[in-house]
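Heads up, the thing below is written out as structure tokens.
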Amino acid sequence: MPDALYADPRLAPLYDSLDPDRSDLDPYLAMAEEFGARRVLDVGCGTGTFACLLAERGFDVVGVEPAAASLDVAKSKPFAERVRWVHGDATAVPAISADLAVMTANVAQVFLSDEDWGNALRCVHGALRRGGRFVFETRRPAVRAWERWTRENTLTEADVPGVGVVRAWCEVIEVAEPLVSFRWTYAFDADGTVLTSDSTLRFRDREEVDRSLRAAGFDVHDVRDAPDRPGREFVFVATRR
């Protein structure tokens with residue numbers, strides 16, 4: 001099930017306001033151009049920022065997202081009418097002979113079991129044309145990013161139109177490597193409401209991801225650094241066999 005941040009109709013519209021800097025998407029836009037892609041599949045598209053950026057640039061885009069509340073936000077954005085939106089998880093990915101499939105942000109880490117991750121990879125494989133690229137990012141476990149997920153380090157505030165001031169912060173609930181669970185808390189100044197969203201991510205090392213891709217029918221073409229987060233993430237570029 002999607003986390004509350006994406007599925008709760010009151011929380012999903014806050015996502016973009018509380019995290020307005022999406023410069024992390026710039027390398028993905030650049031790679032879509034680099035690889036000469038025309039049809040792009042965005043798996044776990046969330047509130048649709050990347051899908052709409054692609055559509056604005058003339059790409060044929062399919063966005064897949066399991067959280068209906070996030071899709072509602074996505075469909076309200078400029079250029080959303082040019083995107084084919086699919087409500088569902090990775091198993092809902094259509095066989096569209098895409099040139100490029102992407103999982104931005106934390107999407108690749110939400111698949112906690114080997115079975116779920118393997119199923120997701122096979123679904124992406126089936127959606128790509130032969131020779132199509134699959135690009136995604138995953139945090140380097142050795143960096144131990146979760147050690148900085150404290151209220152002091154993550155506290156943010158935004159004045160959201162129609163909602164008022166909302167403050168949000170993150171705290172780790174449990175570390176049982178390779179799984180890390182954490183909670184985001186959202187405090188609404190307008191009426192004093194406090195809502196929470198719990199999440200768990202799996203931290204896979206480079207060798208584990210490499211093996212899983214090859215088992216699913218991909219060749220690892222490259223492993224890059226995230227330009228905006230140097231040394232903190234792996235950006236995998238795989239090719240469908």
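- Under the 4.5 Å side-chain criterion, counting only non-hydrogen atoms from C-beta, Pro94 is in contact with Val62.
- Looking at Met31 and Val102, their side chains never come closer than 4.5 Å, going by heavy atoms from C-beta outward.
- Listed for the Arg139 side chain is no donor-acceptor partner under 3.5 Å among the backbone atoms of Ala145.
- Atoms CD and CH2, from Glu65 and Trp85 in turn, are 9.5 Å apart once rounded to the nearest 0.5 Å.
- Side chain of Asp225 to backbone of Gly231: a donor-acceptor contact under 3.5 angstrom is found.
- Using a 4.5 Å heavy-atom threshold, the side chains of Leu201 and Val180 count as separate.
- The aromatic rings of Phe35 and His221 lie perpendicular to each other, with more than 60° between the two planes, well past the 30° mark.
- Atom CH2 of residue Trp149 and atom CD1 of residue Ile173 lie 11.5 Å apart, to the nearest 0.5 angstrom.
- Taking the charged nitrogens against the carboxylate oxygens, Asp99 and Arg133 have no contact shorter than 4.0 Å, which rules out a salt bridge.
- For His87 (side chain) and Val64 (main-chain N/O), no donor-acceptor pair under 3.5 Å exists by modelled atom type.
- Distance check: Arg204 CZ to Trp117 CH2 gives 6.0 Å after rounding to the nearest 0.5 Å.
- The closest side-chain heavy-atom distance from Arg82 to Val61 is not below 4.5 Å.
- Taking the charged nitrogens against the carboxylate oxygens, Arg10 and Asp8 have no contact shorter than 4.0 Å, which rules out a salt bridge.
- Counting only heavy atoms from C-beta outward, the side chains of Arg22 and Leu53 never approach each other to under 4.5 Å.
- Nearest heavy-atom pair, Ala101 versus Val124, reported as atom, atom and distance to 0.1 Å: CB-CG1, 3.7 Å.
- In summary, Lys77 and Glu56 do not engage in a salt bridge, as defined by a charged side-chain N under 4.0 Å from a carboxylate O.
- Salt-bridge formation is not detected for the pair Arg211/Asp205: no Lys NZ or Arg NE/NH1/NH2 atom is positioned less than 4.0 Å from an Asp or Glu carboxylate oxygen.
- Scanning for side-chain contact (heavy atoms from CB on, under 4.5 Å) contacts around Ala158 gives Ser17, Leu18, Val160, with sequence neighbours left out.
- Remark: Arg38 qualifies as a cation-pi partner of Phe59 under the 6.0 Å distance and 45° angle criteria applied to the six-membered ring.
- Pairs of residues two or more places apart, or lying in two chains, that qualify as side chain to side chain donor-acceptor pair (under 3.5 Å) and include a residue from residues 230-241 are Asp219-Arg241, Arg229-Glu233.
- Under a hydrophobic-cluster definition in which Ile, Leu, Val, Met, Phe, Trp and Tyr are linked whenever side-chain heavy atoms come within less than 4.5 Å, directly or via other members, Val93 and Leu71 are assigned to different clusters.
- Between Thr185 and Val194 there is a side-chain heavy-atom pair separated by less than 4.5 Å.
- Between Phe136 and Phe236, the ring planes are parallel. Angles under 30° get that label, and only those over 60° would be called perpendicular.
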Stepwise, does the side chain to side chain donor-acceptor pair (under 3.5 Å) test hold for Asn153 with Thr150?
CA-CA 5 Å; Asn153 289 333; Thr150 64; 3.3 Å; yes
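- By the 4.5 Å heavy-atom criterion applied to side chains, Asp3 and Trp184 are not counted as neighbours.
- Asp114 places a side-chain heavy atom less than 4.5 Å from the side chain of Glu208.
- Phe134 and Phe218 have tilted rings, their planes meeting at an angle from 30° to 60° on a 0 to 90° scale.
- A donor-acceptor pair is defined here as one N or O able to donate and one able to accept, closer than 3.5 Å; no such pair exists between the side chain of Glu137 and the backbone of Phe234.
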